[in-house]
Amino acid sequence: MTGRLRGKTMLNDIKQLRTAKGWSQDYLSFRLGCSRQHVVNIEKGKHDPSLELAMQIARLFRRPVEAIFHPLEKALRSCEEAVAESAAAIEETCTH
């Protein structure tokens, strides 16, 4: 695992969902009852939210928790699969 990802367990779509609604981090933190810095750290993947906060976020955005939060292992597997598919396509192109 790369140094940038070490210690992280979840990726999330909070920033995309927040900006799609035109909400600032301050506004989201107000709605969630937490600090703006906590929202920043969750968006950046520096901290995983508590289960209670994750459920509150899901309710706020009217989405299931699993539609917002993604296990890092699953994301890495998806990237590895995409790289393998690209490498196979390149190899096929080069051999023809």
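Just so you know, these numbers use all the heavy atoms, side chains as well, and skip hydrogens, waters and symmetry mates.
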Trace of the side chain to side chain contact (heavy atoms under 4.5 Å, CB included) decision for H70 with D13 | CA-CA 8 Å; H70 318 283; D13 299 329; 2.8 Å; yes
Close side-chain approach of I57 and N12, heavy atoms under 4.5 Å | no
On a heavy-atom basis, the closest approach of S24 and R18 is O-CD, 3.6 Å
So, for I42 and I14, which heavy atoms are closest and what is the spacing to 0.1 Å?
-> CG2-CD1, 3.5 Å
Check whether any side-chain heavy atom of W23 sits under 4.5 Å from a side-chain heavy atom of L17, and report yes or no.
-> no
Any donor and acceptor pair, going by atom type alone, linking the side chain of S50 with main-chain N or O of L53 inside 3.5 Å?
-> yes
Could you pull out the closest heavy-atom pair between A58 and I68, with the gap in Å?
-> CA-CD1, 3.6 Å
Atom CD of Q16: over 12 foreign heavy atoms under 6.0 Å = yes
Gap between atom CG of N41 and atom NE2 of H47 - 0.5 Å precision | 4.0 Å
Short side-chain to backbone donor-acceptor contact, Q25 and R36, under 3.5 Å | no
Atom CZ of F30 with >12 non-hydrogen neighbours under 6.0 angstrom = no
Distance, nearest 0.5 Å, that separates CD of E43 from CG of L11 | 13.0 Å
Compare all side-chain heavy atoms of K21 with those of F61 and state whether any distance is below 4.5 angstrom.
-> yes
Linking I/L/V/M/F/W/Y whenever any side-chain heavy atoms sit under 4.5 Å apart, do L32 and V40 land together?
-> no
